[in-house]
Colleague: 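One structure, as structure tokens, below. Some questions next.
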Amino acid sequence: MPEMTQRDSKLVQYLNEAYATERRLEIALQAHIAMTPRRDYKSRLRDHLKETKAHARDVARRIKQLGGEAETVSLPGPEPLAKGVRAAQTAMQQAAAVAQGPLHAVRGTGQQERMLKNARTEFQDEAEEIATYRAIEALAKAVGDKDTAKLARDIQREEQRMADFLGDIIEQLALDVVHDEVPVAEINGPGARRAATRTDGGPTAARSRSGGTTRSASAAKSGSSRSGSAAKSGSSRSASAAKSGSRAAAKPKSASGSRSSGGAKRS
């Protein structure tokens, strides 16, 4: 295999740094997924684990195309010696990443705070990756390597989406920590309103029940009023009808009497 140019060697150096980070984060993400109960957060971590594995494969492929070898550690020096040292350091890095899982499982004072601390660590990792791929893109553009620049830009875009997600969920998890660990009486802010609405049987629920009782009483009163009005109206109409009937009965009698009287007079 022909020796790499200094240009490609420099690109491979930075690509190997990115590759090492991707491989380390595969282990960290698997550990965080196992200790994350929140569904939307867990689902996003699973999706990003798939992205992370794909990033590692794509970066390793590009390193090979440039004439290098995908390594989790890149060291200068004689090749046989460097390979032995790289193998040892790779094993140490992987062991350290695996050891972080149990340590992260006991961080924080509760479940919500543990997720908050994990999200903060993941956000820091994303920032590191974004900086690495931005540097690779700039280096590749400077030396005229369009393929490497495009790869770095595409991966950087996915890392930025994950960082944006983590930025949002960090705020949500911080509110959850406040709700779980700080008394409502000590909160002056959005956390107090959220705690009030999430508390079963709290003031909000009481107001709702009170409002329901008032509305029921008003409805009953309104129904009674309508029933009374209808009954009163019915009685009035019945009385009017009876009175009209009496007048109708009286008129024929009066006419008859008048005719009898008139007849007697003519006689």
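Because only heavy atoms are used, hydrogens play no part in the values below, and waters and symmetry mates are left out as well, while side chains stay in. In this chain, numbering begins with 1 at the start of the sequence shown.
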Colleague: How long is the gap from CZ on Arg57 to CD on Glu22, to the nearest 0.5 Å?
Modeller: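 Going from CZ on Arg57 over to CD on Glu22, the span is 11.0 Å.
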
Colleague: Does a donor on one side chain and an acceptor on the other come within less than 3.5 Å for Gln111 and Arg114?
Modeller: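 Absent: no donor and acceptor within the cut-off.
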
Colleague: Heavy-atom distance under 4.5 Å between the side chains of Pro37 and Met115, does that happen here?
Modeller: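 They are in contact (side-chain heavy atoms under 4.5 Å apart), so the answer is yes.
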
Colleague: Will you find, in the side chains of Asp168 and Gln172, an N or O donor that is under 3.5 Å from an N or O acceptor?
Modeller: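 No donor-acceptor contact under 3.5 Å links the two side chains.
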
Colleague: Kindly say whether Glu128 contributes a backbone atom to a donor-acceptor pair with the side chain of Thr132 at under 3.5 angstrom?
Modeller: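 Yes, because the side chain of Thr132 sits within donor-acceptor range (under 3.5 Å) of the backbone of Glu128.
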
Colleague: Search all heavy atoms of Ala60 against all heavy atoms of Tyr19 and return the closest pair with its distance.
Modeller: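 Result for this residue pair: CB-CE1, 3.8 Å.
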
Colleague: Does a side chain donor of either His48 or Glu122 reach within less than 3.5 Å of an acceptor in the other side chain?
Modeller: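 Result is no, nothing qualifies.
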
Colleague: Is a donor on one side and an acceptor on the other found under 3.5 Å between the side chain of Lys42 and the backbone of Ile33?
Modeller: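 Checked: pair present.
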
Colleague: Measure from the side-chain N and O atoms of Asn16 to the backbone N and O of Glu69, and report whether any donor-acceptor pair falls under 3.5 Å.
Modeller: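 Yes: the side chain of Asn16 pairs with the backbone of Glu69.
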
Colleague: Below 4.5 Å, heavy atoms only, C-beta onward: do Asp145 and Arg62 meet side chain to side chain?
Modeller: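 Asp145 reaches Arg62 side chain to side chain.
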
Colleague: For the pair Ser43 (side chain) and Arg39 (backbone), establish whether a donor and an acceptor sit closer than 3.5 Å, ignoring hydrogens and angles.
Modeller: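 Checked: no pair found.
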
Colleague: Do Glu159 and His55 meet the criterion of a side-chain donor-acceptor pair at a distance under 3.5 Å?
Modeller: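 Checked: Glu159/His55 side chains pair up, N/O donor to acceptor below 3.5 Å.
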
Colleague: For Leu29 and Leu49, work out which heavy atoms get closest and say how close.
Modeller: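 Distance-wise, the nearest heavy atoms are CD1-CA, 3.9 Å.
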
Colleague: Would you say Gln112 and Arg38 are linked by a side-chain donor-acceptor pair, where the criterion is simply a distance under 3.5 Å?
Modeller: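 There is no such pair between these side chains.
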
Colleague: Between Gln160 and Tyr133, do the side chains contain an N or O donor and an N or O acceptor separated by less than 3.5 Å?
Modeller: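 The criterion, which ignores hydrogens and geometry beyond distance, is not satisfied for Tyr133 and Gln160.
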
Colleague: Regarding Arg44 and Asp40, does a basic nitrogen lie under 4.0 Å from an acidic carboxylate oxygen?
Modeller: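 Here Arg44 does not pair with Asp40 in a salt bridge, since their nearest N and O are not under 4.0 Å apart.
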
Colleague: Would a single hydrophobic cluster contain both Tyr14 and Ile130, if residues Ile, Leu, Val, Met, Phe, Trp and Tyr are joined by side-chain heavy-atom contacts under 4.5 Å?
Modeller: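 Different clusters.
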
Colleague: Distance check, rounded to the nearest 0.5 Å: Leu11 atom CG versus Met4 atom CE?
Modeller: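 If I round to the nearest 0.5 Å, the distance is 10.0 Å.
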
Colleague: Search all heavy atoms of Leu151 against all heavy atoms of Val59 and return the closest pair with its distance.
Modeller: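 That closest heavy-atom pairing would be CD2-CA, 4.2 Å.
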
Colleague: Measuring from Glu113:CD to Lys117:NZ, what's the distance to the nearest 0.5 Å?
Modeller: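 Result: 5.0 Å between the selected atoms.
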
Colleague: What I'd like to find out is whether the side chain of Lys141 reaches to under 4.5 Å of the side chain of Arg153, using heavy atoms alone.
Modeller: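 When only atoms from C-beta onward are counted, Arg153 and Lys141 do touch, with a gap below 4.5 Å.
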
Colleague: Taking atom CZ of Arg24 and atom CG of Asp125, what is their separation to the nearest 0.5 Å?
Modeller: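 It is 5.0 Å, given to the nearest 0.5 Å.
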
